[in-house]
Protein chains: 2
Amino acid sequence: MAVTDEAIEKIKEMIVSGALRPGDRLPKESELAAELGLSRNSLREAVRALSLIRILDVRQGDGTYVTSLDPQLLLEALGFVVDFHRDDTVLEFLAVRRILEPAATAMASALIDDAELKALEDQLDALGPEPSVEELVACDLEFHRSIVQASGNAVLCSLLDGLSGPTTRARVWRGLTQEDAVGRTLHEHRMILGALRDRDAEAARSWATVHVASVEQWLRTTL
Amino acid sequence: MAVTDEAIEKIKEMIVSGALRPGDRLPKESELAAELGLSRNSLREAVRALSLIRILDVRQGDGTYVTSLDPQLLLEALGFVVDFHRDDTVLEFLAVRRILEPAATAMASALIDDAELKALEDQLDALGPEPSVEELVACDLEFHRSIVQASGNAVLCSLLDGLSGPTTRARVWRGLTQEDAVGRTLHEHRMILGALRDRDAEAARSWATVHVASVEQWLRTTL
DNA sequence: GGGCCGAATACATCGGAGGTATGGGGAGGT
DNA sequence: ACCTCCCCATACCTCCGATGTATTCGGCCC
């Protein structure tokens, strides 16, 4: 195995074993390189790689630190990976989202509090009756994100966040080409909110399913 | 932005835009470095980072190539990230798996063919009546992996693969400490297989839910 | 006491040199 | 004519040393 890959493994091991904790600072480049027995250049490659997936945070003039390792932060890197999957696998991503989104919405219906419900309503109200497609999709993203956050599962939230990215373009496209898509989306949002307010898990799940499935169905007939 | 990060973005853009296709070979280090306007050292950091997440494949003495970019390959990197989440967030990962696994099993019930059913049965038969805990967990992993593959969604398959890793240790632990866990697991596997053979999506979904939930419940009371 | 400036620190970037694994082409044998 | 083995050009691997740049923190001035 290459020295750089060894270094990646060793740094990973230091973190997993607890020798390095979230927020901790690593020894400076030259020291860590000597400690791991490789050159600064090779070590830098390892650090850069771990930095890309948000394990490490390097600050010039300051030092290199272990990130918080929050699920949100780590799965954020998922978005980067997902960017490479365009067009051909969008349907598969959408299918996964269709599984997770209704489940998350149902979970949220039991846990969401009044303040969060109010915030959701404000989000929907902020959008005018005739929003642009870009505004609508942005609102859509934010609306679902807020709901999933209320599900209380950070992993689930980050996962859906990463998965929602690649389907965004498809949704914009739909808004532009399908006549009643905008109005239908707004209506579905209201129904989901209503189900959450009623603490009706089954209704929330069903409306979320309908919501995602409508995009999926349209995409399937279009491609 | 640092030159290395720029290089990462540029290489990503070359791939996403289609200038570089899966399997294509990149210009050699020195040429690409000159083309992107940075030193070889800095370019190497970018390449190493993209190589860690399986976007690029570097072969010494040969060249650097774009990987197949299969969902399976890219989400494999998910396992690396997930390794950093131990103990505290296992329950959240398990909760997500509890959502996905039943759905995938239900999907598989409609698509699985006779050969795949036979392979599943052989897998279960290969395990003796009194397997070791490690054998059982390995078989468990493989059994579910085969089922999810039959669901026909590569993204879903890779995602579950990545998520199953961190819960493996928990399952081993359970097998060691909970008396009837082994026998119950074997029974549940048979029931899932039976439901698949009957093409009974609802039964398959329910048994898969029971299967994952039993681990979840045990873990929740233990932690 | 507060704000400004400069030294120390640590990462960023570079160019070059020597090492090593790979792959292919040519020489030789069958 | 075909196959096998060996040599070497190629391209990545690793390292070194030097210079540039951003941040931090202390002392100094107002």
Side-chain angles (χ1 to χ4, degrees), chain A residues 1-15 19-69 73 76-77 80, chain B residues 1-15 19-69 73 76-77 80:
Chain A
M1 188 190 291
V3 291
T4 301
D5 295 312
E6 282 181 34
I8 292 177
E9 282 304 316
K10 285 179 182 171
I11 295 173
K12 175 182 176 181
E13 189 51 36
M14 284 194 282
I15 295 174
L20 284 175
R21 299 183 152 280
D24 277 2
R25 176 182 174 162
L26 275 67
K28 63 179 179 184
E29 277 186 347
S30 56
E31 286 179 11
L32 187 56
E35 192 176 322
L36 298 180
L38 39 63
S39 72
R40 287 209 330 284
N41 275 333
S42 299
L43 174 64
R44 278 182 58 78
E45 290 179 20
V47 170
R48 176 71 68 172
L50 290 173
S51 154
L52 178 68
I53 57 175
R54 306 291 200 278
I55 302 295
L56 297 180
D57 179 24
V58 292
R59 306 175 203 160
Q60 183 177 170
D62 186 359
T64 302
Y65 298 82
V66 179
T67 66
S68 64
L69 297 180
L73 201 61
E76 185 182 304
F80 186 91
Chain B
M1 188 190 292
V3 291
T4 300
D5 295 313
E6 282 181 35
I8 291 176
E9 282 304 317
K10 285 179 183 172
I11 295 174
K12 175 182 175 182
E13 188 52 36
M14 284 195 282
I15 295 175
L20 285 175
R21 300 184 152 278
D24 277 3
R25 176 182 174 160
L26 274 68
K28 63 180 179 182
E29 277 186 348
S30 55
E31 285 179 12
L32 186 56
E35 193 175 319
L36 298 180
L38 40 64
S39 73
R40 275 196 6 269
N41 275 330
S42 300
L43 174 65
R44 279 184 57 78
E45 290 179 19
V47 170
R48 175 73 66 173
L50 290 173
S51 153
L52 178 68
I53 57 176
R54 307 288 201 281
I55 302 294
L56 297 180
D57 179 25
V58 293
R59 308 175 203 160
Q60 183 177 169
D62 186 358
T64 301
Y65 298 81
V66 179
T67 67
S68 63
L69 297 180
L73 201 61
E76 185 181 302
F80 187 91

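Reminder, nothing fancy here: chain letters follow the sequence lines and each chain counts from 1.
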May I have the distance from A/Asp57 (atom CG) to C/dA12 (atom P), rounded to whole angstrom?
11 Å
Would you mind reading off the distance between B/Glu29 atom CD and C/dC14 atom P, rounded to a whole angstrom?
14 Å
Of the nucleotides C/dA12, C/dG15, D/dC15, which one has an atom closest to the side chain of A/Leu38?
D/dC15
Considering heavy-atom distances to DNA chain D, does A/Gly61 or B/Gly63 have its closest nucleotide positioned more toward the 5' end?
B/Gly63
Treating A/Ser51 as the side-chain partner and A/Asp57 as the backbone partner, does any N or O pair qualify as donor plus acceptor under 3.5 Å?
no
Identify the heavy atoms of B/Arg25 and B/Leu20 that sit nearest to each other, and give their distance.
O-CD2, 4.4 Å
Distance check: side-chain N/O of B/Ser42 vs OP1/OP2 of C/dC14, anything under 4.0 Å?
yes
Would you mind classifying the nucleic acid contact of A/Arg59 as base, sugar-phosphate or nothing, using non-hydrogen atoms under 4.0 angstrom?
sugar-phosphate
Look at the side-chain N and O atoms of A/Thr64 and state whether any lies under 4.0 Å from the OP1 or OP2 oxygen of C/dA10.
no
Choose from D/dA11, D/dC15, C/dC11 the nucleotide whose nearest atom is closest to any side-chain atom of A/Arg44.
C/dC11
Rounded to whole Å, CE of A/Met1 lies from C1' of C/dA21 at a distance of 17 Å
For B/Ile8 and C/dA12, what is the distance between atoms CD1 and P respectively, to the nearest whole Å?
12 Å
The side chain of B/Gln60 lies closest to which of these nucleotides: C/dT13, D/dT14, C/dG19?
C/dG19
Round to a whole Å and report the spacing from CD of A/Glu45 to C1' of D/dT14.
9 Å
Shortest non-hydrogen contact from A/Leu69 toward A/Pro22:
CD1-CG, 4.0 Å
Interatomic distance where NZ belongs to A/Lys28 and P belongs to C/dA10 [whole Å]
4 Å
Base, sugar-phosphate, or nothing for B/Arg40, non-hydrogen atoms under 4.0 angstrom?
base
Would you indicate what B/Ser30 reaches in the nucleic acid, counting non-hydrogen atoms under 4.0 angstrom: base, sugar-phosphate, or nothing?
nothing
Spacing of A/Asp62 atom CG relative to C/dA10 atom C1', expressed in whole Å
8 Å
Residue A/Thr4, side-chain atoms from C-beta onward, closest of C/dC14, D/dT14, C/dC11
D/dT14
Drop me the distance from A/Glu29's CD to A/Asn41's CG, to the nearest 0.5 angstrom.
9.0 Å
Do the side chain of A/Arg54 and the main chain of A/Leu52 share a donor and acceptor less than 3.5 angstrom apart?
yes
Taken to the nearest whole Å, CG/A/Asn41 to C1'/C/dT13 is 9 Å
